[in-house]
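Worksheet: the structure to be examined is printed underneath.
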Amino acid sequence: MLERVDIRTIASSYGETVTLQGWLYNKRSSGKLHFLQLRDGTGVIQCVVFKGDVEEDVFEAAGHLTQESAIRVTGEVRKDERSPLGFEIGVSALEVMHQAEPYPITPKEHGTAFLMDHRHLWLRSSRQHTILTIRSTIVAACRDYYDTNGFTLIDAPIFTPNACEGTTTLFATDYFGEDAYLTQSGQLYVEAGAMAFGKVYCFGPTFRAEKSKTRRHLTEFWMVEPEVAYMDLDGDMDLAEDFISFIVERVLNRHRADLEALERDVEALERTQKPFPRISYTEAVDLLKEKGVDHPWGEDFGGDEETVLAASFDRPVIVHHYPAACKAFYMKADPADSRVALCMDVLAPEGYGEIVGGGQREDDLEELRRKIAEHDLDEEPFNWYLDLRRYGSVPHAGFGLGIERTVAWICGLRHVRETIPFPRMLQRLTP
RNA sequence: UCCGGCGUAGCUCAGUCGGCAGAGCAGGUGGCUGUUAACCACCGUGUCGCAGGUUCGAGUCCUGCCGCCGGAGCCA
């Protein structure tokens, strides 16, 4: 394969004649000149076709190119102050690989419903391209963080025989005549992994059949879930803030220009430094009261409460020790006050809501059985999970971080639907 | 499930008091040697979401339904 020249690194080919392969992003003409904006997936560069420089049929063909036509362009890389890149291509040859049909996404405005119907094409637009590039960096940062900190990747299954938490709605499927559900969390399985490997994480898609219609919800989303044996709630909070600040720092280092292109307030992101403020649920209720929001102790926070709490701090805030009644059965109760659980949520600033939820797990066999019963769950499917408390049970903790909400927060997007290549939502299964 | 909003050309939208359905973009043809969502001239485009109703006459008013968007609940 010939050495490939990317637009992203075109500066290193200054003065040379190169061949670029890509698609026509836009075109402007001026008599004996055609200005072709060429997109190759790494960037966009202007290619200038002058009538005197190329064969007549090539000049003619360039004038008839439609948006997103596939072309291979050969020409000299030259400096030009008028170019945003600082470089442009003086075209000497042009090969039309495919003359595109009229392209639906024009250089004018479109509504989100139309764009989502054409998501497979919308991915080519510069803004979507930037967002998904940052998502790619965030996903890599998650893996790098755990891989370099002694964690082993133990992925959880997607098909599960029962509800992990029993609280949210699951997608049911037919598994050779048996009921199976798409996982809503790898939680229970990474606990088994932690007892085998010490420090583990899983990273995969999760599914929630909730009829949520908000900017923060997808029915299919990605979650990274670390789980550590011999770790308590404090250790869990330390891990979460270290992990989140690592991701943000990585994005700031590699994507400053991209964040600015997205009109993200970079200074607000730069404040994401450890330590994060930590307040208990009870303190949060008091804080809400101070801010004029009356919230009864014992009820979980809604989106509005989370927004008020998050707005009180300049970086992510950790809220811990929620009432046990509004948390999952596997959360360990606080030995000092059984009304609250050893759990924590991380709320992102600027109204992005909960990006992390986790805590210390119940490690006592009888306590756990009692909680399963309290939550009206059938004990039998959890027998393997109870085994973890029969054979060398130890304190352990972990959490789940939602990738799409994290991407939305870091990129400063209004809606999570633009943070994933092909979003699955209440009213969206295609493309 | 509940509350609110919107459905008119391929797309984004306008359409006044109920009186011939219209702009920009995209597409086509032509023009221009430096364009930056280029520009200029000309050309084509309709189940006005669907079904009823009122009226001489409905895109416009009324009723029902459908679809989508935003929010709530629930959650990451």
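Every chain is numbered from 1, with letters handed out A, B, ... down the list of sequences. From a predicted model like this one, the values you see are computed outputs, not experimental measurements.
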Applying a 4.0 Å non-hydrogen cut-off, can you work out what Asp345(A) is touching in the nucleic acid: base, sugar-phosphate, or nothing? nothing

Just by protein heavy atoms under 4.0 Å, how would nucleotides 24-31 of chain B read 5' to 3' in B, S and -? -SSS-S--

rG7(B) C1' sits how many Å from His110(A) NE2, rounded? 18 Å

Bracket string, RNA chain B, 5' to 3' - pairs by Watson-Crick or G-U geometry under 3.5 Å, | interstrand: (((((((..((((.....[..)))).(((((.......))))).....(((((..]....))))))))))))....

Between Tyr281(A) and Asp300(A), does a side chain to side chain donor-acceptor pair (under 3.5 Å) hold up when you go through it step by step? CA-CA 9 Å; Tyr281(A) 170 88; Asp300(A) 206 353; over 6 Å; no

From CZ of Phe87(A) across to P of rG34(B) the rounded distance in Å is 24 Å

Does the rC75(B) base have a donor-acceptor partner in the side chain of Ser212(A) within less than 3.5 Å? no

Is Ile355(A) touching bases, backbone alone, or none of the nucleic acid, heavy atoms closer than 4.0 Å? sugar-phosphate

Distance check, C1' atoms only: rU55(B) and rC62(B), in whole angstrom units. 12 Å

Whole angstroms only, please: what is the CG-C1' distance between Leu36(A) and rG34(B)? 13 Å

Roughly how many Å apart are rC39(B) and rG73(B), using the P atom of each and rounding to a whole number? 46 Å

Between the side chains of Thr19(A) and Thr74(A), is a donor N or O closer than 3.5 angstrom to an acceptor N or O? yes

Any idea which heavy atoms bring His118(A) and Phe114(A) closest together, and the distance? ND1-O, 2.9 Å

Classify the nucleic acid contact of Val356(A) as base, sugar-phosphate or nothing, counting any heavy atom under 4.0 Å across all strands shown. sugar-phosphate

Please state whether the rings of Trp384(A) and Tyr189(A) are parallel, tilted or perpendicular, taking 30° and 60° as the class boundaries. parallel

Set out, line by line, the N/O atom pairs under 3.5 Å between protein and nucleotides 66-68 of chain B.
{"from": "rC68(B)", "atom 1": "OP1", "to": "Gln427(A)", "atom 2": "OE1", "distance (Å)": "3.0"}
{"from": "rC68(B)", "atom 1": "OP2", "to": "Gln427(A)", "atom 2": "OE1", "distance (Å)": "3.1"}

When the C1' atoms of rC17(B) and rA23(B) are considered, how many whole Å apart are they? 23 Å

Please check: side-chain N/O of Thr133(A) versus main-chain N/O of His129(A), any donor-acceptor pairing under 3.5 Å? yes

Provide the distance between the two P atoms, one in rC66(B) and one in rA51(B), to the nearest whole Å. 15 Å

Base, sugar-phosphate or nothing for Glu225(A)? Non-hydrogen atoms, less than 4.0 Å. nothing

Of the residues in residues 124-148 of chain A, which ones touch RNA chain B at a heavy-atom distance under 4.0 Å? none

On a heavy-atom basis, the closest approach of Leu309(A) and Ala284(A) is CD2-O, 3.7 Å

Shortest non-hydrogen contact between Asp40(A) and Gln21(A), atoms and distance: CB-O, 3.4 Å

Arg208(A) side chain: which of rC75(B), rG71(B), rC11(B) is closest? rC75(B)

Between Asp53(A) and Lys32(A), is there a side-chain N and carboxylate O pair less than 4.0 Å apart? no

No-hydrogen, no-angle side-chain donor-acceptor test under 3.5 Å, Ser185(A) and Glu225(A): yes

Side chain to side chain donor-acceptor pair (under 3.5 Å) with Gln37(A): which of Gln67(A), Gln46(A), Lys27(A)? Gln46(A)

When you compare rA58(B) with rU63(B), how far apart are their C1' atoms, in angstrom units rounded to a whole number? 15 Å

Between P of rA76(B) and CD of Gln187(A), the distance in whole Å: 10 Å

For residues Ser280(A) and Val340(A), determine if any side-chain heavy atom of one lies less than 4.5 Å from a side-chain heavy atom of the other. no

Output the rounded distance in Å from NZ (Lys211(A)) to P (rG71(B)). 19 Å

Pair Glu249(A) + Lys274(A): basic N to acidic O under 4.0 Å: no

Could Arg428(A) and Asp117(A) be called an ion pair, given the rule that one side-chain N must be under 4.0 Å from one carboxylate O? yes

With sequence neighbours excluded, residues passing side-chain hydrogen bond (donor to acceptor under 3.5 Å, both in side chains) with Arg8(A): none

When you measure from the side chain of Phe50(A), which nucleotide among rA76(B), rU35(B), rU33(B) comes out closest? rU33(B)

Using a cut-off of 4.0 Å on non-hydrogen atoms, how would the nucleic acid contact of Gly111(A) be classed: base, sugar-phosphate, or nothing? sugar-phosphate

Of the candidate nucleotides rA76(B), rC69(B), rU33(B), which contains the atom at the shortest distance from the side chain of Arg417(A)? rC69(B)

Rounded to whole angstroms, how far apart are CZ on Phe221(A) and P on rC75(B)? 12 Å

Look at all strands and tell whether Leu218(A) reaches a base, only sugar-phosphate, or nothing, counting heavy atoms closer than 4.0 Å. base

To the nearest 0.5 Å, atom OG1 of Thr206(A) lies from atom CG of Leu170(A) at 11.0 Å

When rounded to whole Å, the CD to P distance for the pair Glu299(A) and rC75(B) reads 12 Å

Using the P atoms only, state how far rU60(B) lies from rG64(B), rounded to an integer number of Å. 16 Å

For residues 413-422 of chain A, please give each side-chain donor-acceptor pair under 3.5 Å, one per line with the distance, not counting sequence neighbours.
{"from": "His415(A)", "atom 1": "ND1", "to": "Arg417(A)", "atom 2": "N", "distance (Å)": "3.0"}
{"from": "Glu418(A)", "atom 1": "OE1", "to": "Gln128(A)", "atom 2": "NE2", "distance (Å)": "3.0"}
{"from": "Thr419(A)", "atom 1": "OG1", "to": "Val416(A)", "atom 2": "O", "distance (Å)": "2.6"}

rA9(B) versus rG22(B) - spacing of their C1' atoms, nearest Å: 10 Å

Which whole number of Å gives the distance between the C1' atom of rG70(B) and that of rU29(B)? 44 Å

Tell me which nucleotide among rC75(B), rC32(B), rC11(B) gets nearest to the side chain of Phe114(A). rC11(B)

Across the strands shown, which category fits His118(A) at heavy-atom distances under 4.0 angstrom: base, sugar-phosphate, nothing? nothing

Using a strict 4.0 Å threshold on nitrogen-to-oxygen distance, state whether Asp345(A) and Lys327(A) make a salt bridge. yes

Please compare Cys326(A) and Arg78(A) by the position of their nearest nucleotide in RNA chain B and report the one closer to 5'. Arg78(A)

Below 3.5 Å, does any donor atom in the side chain of Gln46(A) face an acceptor in the base of rU36(B), or the other way round? no

By the 4.0 Å heavy-atom rule, please label His34(A) as base, sugar-phosphate, or nothing. nothing

Counting only side-chain N and O atoms of Arg215(A), is one of them less than 4.0 Å from OP1 or OP2 of rG71(B)? yes

How long is the line joining CZ of Arg216(A) and P of rG70(B), in whole Å? 13 Å

